[in-house]
Every structure is written in C-alpha cells, then in structure tokens.
Amino acid sequence: MKNIIVILFIALFINSCKPTKENLETKIQLSFSHHVNGSQLSTDSMIHTNAAGEKFNVKTLTYLLSDITLHNEDGSSVLLKEIQYLNINEESSLYFESDIIDNGSYNALSFRFGLDTIKNLSNNYVNENFHSTMAWPEMMGGGYHYMKLEGAFINDSSFYNTHTGGSMGMDFSFSKSIDINGLNIDNDTENIGLMINMDLNNWYQNPHTINLAPAIMMDMTKQMQLMNNGMNDVFSITYLY
C-alpha cells in the first residue's frame, strides 16, 4: 500500500512539473496600402487616369482616420486606435499594433474618415505631429483637414489639390464599417494581420464623377460628393495572416 502511495505521489509531482501551454495574447497588426484602379500607387510619373479621363500623378497623400474599432458579434467593441495620421511618404505611419484583444468572434472593423465635430476643433491636437500639417484655415471653419491628396494633372504644370475637411464648420467626415467575418480569437490565436486598402481613383467616381481641380476647400458640392464616394468603395480590407 505504501508503494502505491509513493508511486501516486511521484506521478502527481512529475505532472505538476510539466510546463503548461501558455495562452497566446493576440494583437491586431493593422497596415495600410494605397492603389489606383487596383494597381499599387506609383508617385513617379503621370500614369494614372480617373473616370473623367484626366491623367494625374500623386505627390502628396496625408489623411486622418479616427475611432478605428473592432466589433464583436455579441455587440461589444474594442477601440484599436483613436487617431491615426497617415502619410505615404512616412513608412512608420502606415502601420500600428493594437493592445491585446480579448477572445471573441469579431465580424466588422469600422473607422471614421477624418474627425467628427467633437474632435475637429482648432488646436485640439497641438502635441500631435499632424497639427501644423493638417490644420484647416480658421476663416474656413477651423479644425483639421481630413485629407490632402495633391499632384499634377493633364500636364506637369497643372496641379490639383483634393483637400477635404470641415469646410465652414460643416461635418463632411464619415463612418465606414467593413465586414471581416470569421475573425475568431481564442487562447491559441496568434497575432492577426489586417490591411486597410484605399483606392484613390474611387474618390473621383461612383456615384459621382469628379474632375480634378486646383482648389476645392470651399466647394461644398465637391466636399459632399467626395464624402459620398468615400462612403461607397474607396476602402476595403484584406487579411494578411
């Protein structure tokens, strides 16, 4: 009997010393890509053509996304990033990693293009690197640009400036939600890579065909049309891993 007890004790001791499988701590690694008609954006030459038949290139693309949020099937949500400033000429701005994500079944990712009226106040982000770059003129409503998309069109001496923002205090920002069905996180889930894609040509088409122009900051019609186009199919999401 004593031997049986000793054997059982040894077995329990050995089992207790075995390393246990640690639960993985899952994070979302979110990156951003930019295309024109599905092809990778090139800033080298005037090789792109919009729906209005205008050839153009891209020299500058900076924009703000806010309230980037992951949505659970149970109705709860996780804020991944409050504000992301993106600049195609700054690689570090085209990627971020979230905090640890709780287990769950997630079915959508949403964000706001630009800043809503609560956030979009002059000098609200004086300590952020985009403060001076994205400031919207006070005489036109103040706050910040949502996007600066700039380059040449038609020829190398004609320039367009697609600047969107809260012109005259109006809110032209918009919320976009994209389905990501099948994103299930449990204790065995490693980090997940998602990519938000922007197709620049879609800013100028569907449902509105928009001509490029030197300046549109005070053009309320174009601000509204760009908002409507942006809500449609400018953005998509793909899984990376």
Side-chain angles (χ1 to χ4, degrees), residues 24-44 47-51 56-58 60-114 146-149 162 164 173-186 188-207 226-241:
L24 295 178
E25 296 180 336
T26 308
K27 296 181 180 180
I28 300 295
Q29 296 173 332
L30 197 62
S31 56
F32 301 84
S33 69
H34 305 89
H35 304 83
V36 179
N37 282 341
S39 299
Q40 192 68 34
L41 171 65
S42 172
T43 59
D44 295 333
I47 62 173
H48 307 304
T49 304
N50 64 17
F56 68 98
N57 64 19
V58 176
T60 301
L61 175 58
T62 59
Y63 61 100
L64 296 172
L65 298 183
S66 57
D67 299 327
I68 303 173
T69 303
L70 192 63
H71 298 270
N72 198 318
E73 289 180 353
D74 66 9
S76 62
S77 62
V78 180
L79 180 65
L80 303 182
K81 192 78 178 285
E82 183 178 353
I83 295 178
Q84 180 75 6
Y85 168 66
L86 297 107
N87 183 342
I88 59 169
N89 295 314
E90 295 178 7
E91 288 291 331
S92 61
S93 73
L94 306 180
Y95 170 89
F96 76 83
E97 184 175 83
S98 74
D99 293 332
I100 297 168
I101 306 297
D102 291 337
N103 291 349
S105 296
Y106 297 91
N107 60 3
L109 186 143
S110 70
F111 55 85
R112 177 166 292 277
F113 182 77
Y146 308 152
M147 177 175 70
K148 290 182 176 181
L149 173 53
T162 302
T164 65
S173 70
F174 60 86
S175 182
K176 179 73 176 179
S177 180
I178 304 174
D179 291 341
I180 50 169
N181 291 320
L183 200 167
N184 299 309
I185 296 177
D186 56 30
D188 298 322
T189 306
E190 297 183 347
N191 289 344
I192 295 170
L194 297 176
M195 178 175 284
I196 296 180
N197 313 295
M198 176 195 284
D199 195 309
L200 275 65
N201 237 17
N202 290 347
W203 283 113
Y204 305 107
Q205 62 188 17
N206 196 14
L226 285 162
M227 181 183 73
N228 291 338
N229 288 357
M231 294 171 67
N232 194 22
D233 58 1
V234 167
F235 294 99
S236 62
I237 289 179
T238 53
Y239 278 92
L240 296 179
Y241 46 86

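Just so we're clear, the structure is a prediction, and the values are computed from it rather than from any experiment. Nothing fancy with the numbering, it's 1 onward along the sequence.
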Which heavy atom of [X] sits nearest a heavy atom of [Y], and at what distance?
| X | Y | result |
| --- | --- | --- |
| L24 | T189 | CB-O, 3.5 Å |
| Q84 | S93 | NE2-O, 2.9 Å |
| S110 | H71 | OG-NE2, 2.6 Å |
| D199 | G38 | OD2-N, 2.9 Å |
| L41 | I88 | CD2-CD1, 4.0 Å |

inquiry  = What verdict does the side-chain contact (heavy atoms from CB on, under 4.5 Å) test give for Q205 and N37, after you've listed the backbone C-alpha separation in whole Å, the side-chain angles of each residue and the deciding distance to 0.1 Å?
reply    = CA-CA 11 Å; Q205 62 188 17; N37 282 341; 4.2 Å; yes
Distance (rounded to the nearest 0.5 Å) between [X] [atom1] and [Y] [atom2]:
| X | Y | atom1 | atom2 | value |
| --- | --- | --- | --- | --- |
| L79 | I68 | CG | CD1 | 8.5 Å |
| T26 | D99 | OG1 | CG | 13.0 Å |
| T69 | L109 | OG1 | CG | 7.5 Å |
| F113 | M198 | CZ | CE | 5.0 Å |
| L94 | I196 | CG | CD1 | 11.5 Å |
| N107 | E73 | CG | CD | 5.0 Å |

Under 3.5 Å: donor-acceptor pair, side chain of [X], backbone of [Y]:
| X | Y | result |
| --- | --- | --- |
| S173 | G114 | no |
| S66 | I83 | no |
| N202 | N229 | no |

With side chains defined as the heavy atoms from C-beta onward, is the minimum distance between [X] and [Y] less than 4.5 Å?
| X | Y | value |
| --- | --- | --- |
| L80 | I101 | yes |
| L70 | S77 | no |
| Y241 | E190 | no |
| L61 | M147 | yes |
| T164 | W203 | no |
| D102 | V78 | no |
| L200 | V36 | yes |
| Y204 | T162 | yes |

Partner residues of [X] under the salt bridge (Lys or Arg N to Asp or Glu O under 4.0 Å) criterion, sequence neighbours left out:
| X | value |
| --- | --- |
| D67 | K119 |
| E97 | K27 |
| K148 | none |

For residues 176-185, please give each side-chain donor-acceptor pair under 3.5 Å, one per line with the distance, not counting sequence neighbours.
unit_1 : atom_1 : unit_2 : atom_2 : d
K176   : NZ     : M231   : O      : 2.9
K176   : NZ     : N232   : O      : 2.8
N184   : OD1    : S105   : OG     : 2.9

ask   = Which pairs, with at least one residue in residues 80-111 and sequence neighbours excluded, count as a ring-ring contact (aromatic ring centres under 6.0 Å, His included)?
value = Y85-F130, F111-F235
ask   = Counting heavy atoms not belonging to E91, are there more than 12 under 6.0 Å from its CD?
value = no
request  = Apply side-chain contact (heavy atoms from CB on, under 4.5 Å) to S39 and list each qualifying residue two or more places apart in sequence or on a separate chain.
outcome  =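 If we apply the side-chain contact (heavy atoms from CB on, under 4.5 Å) test to S39, skipping adjacent residues, there are no hits.
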key: N197 side chain to S33 side chain, donor-acceptor N/O pair below 3.5 angstrom   =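 Yes - a donor-acceptor pair under 3.5 Å links their side chains.
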ask   = Do the ring planes of F56 and H48 sit parallel (below 30°), tilted (30 to 60°) or perpendicular (above 60°)?
value =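 Ring orientation, 0 to 90° scale: tilted.
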